[in-house]
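Structure record follows, encoded as structure tokens.
Hydrogens, waters and symmetry mates play no part in the numbers below; they use all other heavy atoms, side chains included. The first residue of the sequence shown is numbered 1, and numbering continues consecutively from there.
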Amino acid sequence: LLSMKLLEHYKNPVWYPDDDGWGRLLIRKAVELGYKNLGWSDKARTRQGFHFDTNSRILLWGELIAAVNNRQLVMWNSEGLKQFFDITRSKQKEGHPQALPGRHDDYPTAVGIAWLKRNEVLKGEWHPHTIETLTFGGNFGGKAPSLFREQRQRRV
């Protein structure tokens, strides 16, 4: 539901969830909830989301590594950035990048998909609205904050 709220905030952009086990469940739920702008893995439009196979995995990680090395990306999420340091090349999987045992690669994978699909997603003029904070519940001094608080520019 938080993903759907975030997508709504950004005017329902094209969304490419990874179509692995949990991702398939996410895609199914998004369709049930009426999300109409899921990306497709194939030109025939038979598979929604981002499908990993040997070629797409090599392309995604190759492009992401180049973008990081060339400083084309800025990571503002410090917790997500930590996951980049948990990525290694697996000897068992022909050197494919993946998280170390017990660690996560969700954020780097999501950034990689976004980077790889950027030309399919960014069409026309785009005016971003920054998000100051995203809360996941908890005690906030008796005041329940809204899910998103947009940064407001001060008038001088």
Side-chain angles (χ1 to χ4, degrees), residues 1-136 147-148 150-151:
L1 292 175
L2 288 173
S3 292
M4 297 293 286
K5 196 77 168 153
L6 187 63
L7 290 162
E8 181 183 323
H9 178 80
Y10 282 103
K11 310 292 186 231
N12 300 312
V14 179
W15 187 21
Y16 283 94
D18 181 357
D19 77 345
D20 65 358
W22 288 107
R24 287 257 38 90
L25 182 62
L26 175 69
I27 291 167
R28 193 172 331 129
K29 193 55 147 174
V31 169
E32 284 176 21
L33 292 171
Y35 196 75
K36 304 260 189 261
N37 213 4
L38 285 165
W40 297 89
S41 291
D42 58 345
K43 291 182 193 259
R45 297 172 68 95
T46 61
R47 176 179 248 152
Q48 290 179 301
F50 185 87
H51 180 68
F52 273 108
D53 58 24
T54 302
N55 292 335
S56 64
R57 186 176 305 279
I58 291 169
L59 183 62
L60 182 140
W61 287 104
E63 294 249 347
L64 182 59
I65 289 167
V68 168
N69 288 344
N70 291 319
R71 297 191 169 126
Q72 293 176 293
L73 294 169
V74 175
M75 306 293 162
W76 296 106
N77 180 327
S78 61
E79 291 302 311
L81 180 60
K82 289 177 186 176
Q83 289 186 15
F84 277 83
F85 294 97
D86 292 337
I87 303 297
T88 187
R89 292 190 184 270
S90 170
K91 290 179 183 176
Q92 292 85 7
K93 295 186 178 179
E94 301 172 2
H96 292 166
Q98 67 177 36
L100 293 166
R103 304 292 177 85
H104 300 282
D105 63 359
D106 301 307
Y107 190 78
T109 299
V111 170
I113 292 170
W115 182 254
L116 192 61
K117 295 295 187 178
R118 69 192 180 281
N119 293 328
E120 295 174 39
V121 173
L122 295 176
K123 294 178 180 175
E125 199 171 326
W126 182 60
H127 300 285
H129 299 280
T130 59
I131 293 178
E132 183 180 313
T133 185
L134 173 63
T135 62
F136 293 95
L147 181 61
F148 304 106
E150 292 184 25
Q151 281 186 325

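Between Thr109 and Asp106, the side chains place no donor N or O within less than 3.5 Å of an acceptor N or O (distance only, hydrogens not considered). The closest side-chain donor-acceptor pair between Glu120 and Tyr16 falls under 3.5 angstrom.
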Please output the side-chain donor-acceptor pairs of residues 26-37 that fall under 3.5 Å, not counting sequence neighbours, one pair per line with the distance.
from	atom 1	to	atom 2	distance (Å)
Lys29	NZ	Glu32	OE1	3.3
Tyr35	OH	Asn12	O	3.4
Tyr35	OH	Pro13	O	2.4
Asn37	ND2	Asn12	O	2.8

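The NZ atom of Lys117 lies 6.0 Å from the CZ atom of Phe50; values are rounded to the nearest 0.5 Å. One finds the CG atom of Leu6 at 12.5 Å from the CG atom of Leu1 (value rounded to the nearest 0.5 Å). Note that CG of Asp18 is 10.0 Å distant from CZ of Arg24, once rounded to the nearest 0.5 Å. Between Asp105 atom CG and Ile87 atom CD1 the span is 4.5 Å, to the nearest 0.5 Å. Here the straight-line distance linking atom CH2 of Trp61 with atom CZ of Phe52 works out to 7.0 Å at 0.5 Å rounding. Atom CD of Gln48 is separated from atom CG of Asp42 by 10.0 Å, given to the nearest 0.5 angstrom.
Within a 6.0 Å sphere centred on NE2 of His51, heavy atoms belonging to other residues, nucleotides or ligands number more than 12.
Between Trp115 and Leu73, the shortest heavy-atom distance links the atoms CE3-CD2, 3.4 Å.
The salt bridge (Lys or Arg N to Asp or Glu O under 4.0 Å) contacts involving residues 69-83 comprise Glu79-Lys82, where partners must be two or more places apart or lie in separate chains.
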